[in-house]
Amino acid sequence: MDHSLDFKSLIENSSILFYATTFDGRVLYLNDFGKKLLGINKEEIDSGINAESFYVDPEDRNDLITILKSESTISDNEIRMISRNGKYITGHESAFSRQDDSGKEIIYGIINDVSEFVHLNLNSARLNLELADTNKKLQDAYNTMAQQEKMAAIGELAAGVAHEINNPLGFIKSNARSMTKYLEMIASVFKEITGKCDHEEIEDIGKLDFILTDVRDILKENEDGLNRIATITESLKRFARMGDKNIKNECDLNQAIMDTLNIAKSQYKYIAEIKLNPGEIPLVICNGDSINQVLLNLIVNAANAIESMGSKEKGEILIETSLQDDCVKFSVTDSGPGV
């Protein structure tokens with residue numbers, strides 16, 4: 001019995017997005033749920049709509065392509081998308097690549113919309129934080145509450161930091177597996193070489209240039225990924241150092257701004273472009289923890305104000321530092337409507 005029509009009906013009526021695209025992004029197929037979720041119709045698909053236009057962060061699509069070129073499959077990759085009506089969608093994407101009858105590589109995948117689940121978890125987390133904060137206010141003095149508020153703020157950023165770390169780690173692991181395969185091929189070729197005098201008879205000798213070039217590219221990607229991880233973790237360590245609120249030390253305000261931007265990236269990366277105009281300023285005597293908290297609040301508030309406008313275009317957050325009349329000044333300006 002041919003069940004192909006039953007499976008097609010199941011896919012079309014599923015509450016999961018099914019798709020097929022080329023590697024350059026052209027959408028070849030999208031089930032009914034996917035069309036409804038993204039707010040597009042069959043005519044737009046037939047006209048050659050590109051899947052990249054629905055990814056909020058192009059890095060999510062680029063990481064998908066990078067892994068599929070090495071592994072041909074990927075599971076539960078966290079992404080953020082945006083529909084035609086401006087609705088943000090959090091999804092878990094799984095995909096694999098295969099050649100069609102003409103030999104062209106096609107990506108087949110599914111995206112599970114977990115936006116509601118994430119929203120419910122965030123609301124639950126906020127309620128738990130509010131309850132914990134209320135209990136602390138009844139039990140502790142003001143200085144203890146201030147410390148707990150900072151820890152709560154860092155905790156809210158943990159999911160974003162994990163996302164920033166997991167994506168580069170994904171292609172680093174994939175590249176490491178590819179390097180192992182290539183080294184095995186190199187060993188096999190050299191084994192043939194040692195057993196033959198006429199190198200022209202060795203069939204795989206032509207692959208060596210490609211393998212060595214690809215190994216260099218893989219090493220470069222690994223280096224870039226490790227640098228991204230190192231930047232995030234170093235910023236997190238500097239940002240999270242806790243101390244007595246009454247203790248003041250020398251603080252590099254420009255470095256504090258960079259650390260805060262690295263830690264808070266998940267809060268603004270889909271919403272606003274950051275423009276920095278750091279001036280030549282001296283170290284200032286202050287409580288670094290308090291300065292970091294102020295910077296974090298300003299950046300998050302600016303991102304929230306821009307997001308409240310509902311625009312599909314990214315806004316702008318301008319951060320400047322300068323020396324004026326023996327005083328160090330920093331300012332945060334955003335393109336939002338105000339808080």
Side-chain angles (χ1 to χ4, degrees), residues 4-69 72-122 163 167 170 266 268-273 303 306-316 335:
S4 60
L5 292 178
D6 293 331
F7 278 109
K8 183 177 181 181
S9 177
L10 177 65
I11 291 173
E12 287 297 335
N13 293 284
S14 171
S15 58
I16 297 176
L17 185 155
F18 286 76
Y19 71 83
T21 72
T22 60
F23 265 75
D24 60 9
R26 181 189 173 101
V27 177
L28 303 176
Y29 169 77
L30 196 62
N31 68 341
D32 287 342
F33 176 81
K35 297 189 192 83
K36 182 178 179 181
L37 183 67
L38 298 177
I40 61 175
N41 53 45
K42 184 177 183 300
E43 288 71 26
E44 290 179 276
I45 295 176
D46 293 340
S47 67
I49 192 170
N50 197 296
E52 293 177 0
S53 63
F54 296 107
Y55 285 79
V56 175
D57 186 356
E59 288 182 6
D60 286 341
R61 175 74 182 181
N62 292 337
D63 288 343
L64 170 71
I65 298 301
T66 299
I67 294 174
L68 287 180
K69 285 183 176 178
S72 297
T73 184
I74 186 172
S75 298
D76 286 332
N77 187 43
E78 182 181 326
I79 61 169
R80 283 200 74 190
M81 306 183 77
I82 185 168
S83 67
R84 279 285 188 263
N85 60 10
K87 177 184 176 182
Y88 285 94
I89 302 161
T90 301
H92 287 168
E93 182 176 33
S94 298
F96 64 93
S97 63
R98 292 287 186 275
Q99 288 187 353
D100 63 10
D101 294 338
S102 66
K104 189 172 185 178
E105 286 286 337
I106 304 297
I107 299 173
Y108 301 90
I110 63 171
I111 298 174
N112 188 18
D113 180 13
V114 295
S115 304
E116 189 64 26
F117 177 79
V118 171
H119 179 70
L120 291 174
N121 276 327
L122 286 175
H163 179 67
N167 275 355
S266 64
Y268 65 78
K269 64 183 289 187
Y270 303 117
I271 300 166
E273 298 287 350
I306 292 171
E307 187 175 28
S308 70
M309 299 171 65
S311 174
K312 294 183 180 181
E313 301 295 328
K314 283 188 177 182
E316 178 181 299
S335 60

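Computed over heavy atoms, backbone and side chain alike; hydrogens, waters and symmetry mates excluded. Everything numeric in this text was worked out from a predicted model, so none of it was measured.
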Spacing of [atom1] belonging to [X] relative to [atom2] belonging to [Y], to within rounding of 0.5 Å:
X      : Y      : atom1 : atom2 : result
Leu37  : Asp113 : CG    : CG    : 5.0 Å
Ile40  : Phe54  : CD1   : CZ    : 4.0 Å
Glu52  : Arg26  : CD    : CZ    : 13.5 Å
Glu59  : Thr66  : CD    : OG1   : 10.5 Å
Thr90  : Met81  : OG1   : CE    : 11.0 Å
Asn112 : Ile79  : CG    : CD1   : 10.5 Å

Pair [X] + [Y], salt bridge at N-O below 4.0 Å:
X     : Y     : value
Lys42 : Asp46 : yes
Glu44 : Lys35 : no
Arg80 : Asp57 : no

Any non-hydrogen side-chain atom of [X] less than 4.5 Å from a side-chain atom of [Y]?
X     : Y      : answer
Ile45 : Leu28  : no
Arg61 : Thr21  : yes
Tyr29 : Tyr19  : no
Thr22 : Lys104 : yes

Of the non-hydrogen atoms in [X] and [Y], which two are nearest, and what is the gap between them?
X      : Y      : answer
Ala303 : Tyr268 : CB-CB, 4.0 Å
Gln99  : Glu105 : CG-OE2, 3.0 Å
Ile107 : Ala95  : CG2-CB, 4.0 Å
Tyr270 : Tyr88  : O-OH, 3.8 Å
Asn31  : Ile16  : ND2-O, 2.9 Å
Val27  : Ala51  : CG2-N, 3.7 Å

(message) Set out, in order, the CA-CA distance, both residues' side-chain angles and the distance that settles side-chain contact (heavy atoms from CB on, under 4.5 Å) for His92 and Ile111, then state yes or no.
(response) CA-CA 6 Å; His92 287 168; Ile111 298 174; over 6 Å; no
(request) Walk me through it: do Leu38 and Ile89 pass the test side-chain contact (heavy atoms from CB on, under 4.5 Å)? (result) CA-CA 9 Å; Leu38 298 177; Ile89 302 161; 4.1 Å; yes
For the backbone of [Y] and the side chain of [X], can you confirm whether one donor and one acceptor N or O come within less than 3.5 Å of each other?
X      : Y      : result
Asn50  : Asp24  : yes
Ser83  : Lys87  : yes
Ser335 : Glu316 : yes

(message) Counting only heavy atoms not in Glu43 (residues, nucleotides, ligands), do more than 12 fall under 6.0 Å from its CD?
(response)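 More than 12 within 6.0 Å, yes.
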(request) Check the pair Leu30 / Leu17 against side-chain contact (heavy atoms from CB on, under 4.5 Å), numbers first and verdict last. (result) CA-CA 7 Å; Leu30 196 62; Leu17 185 155; 3.7 Å; yes
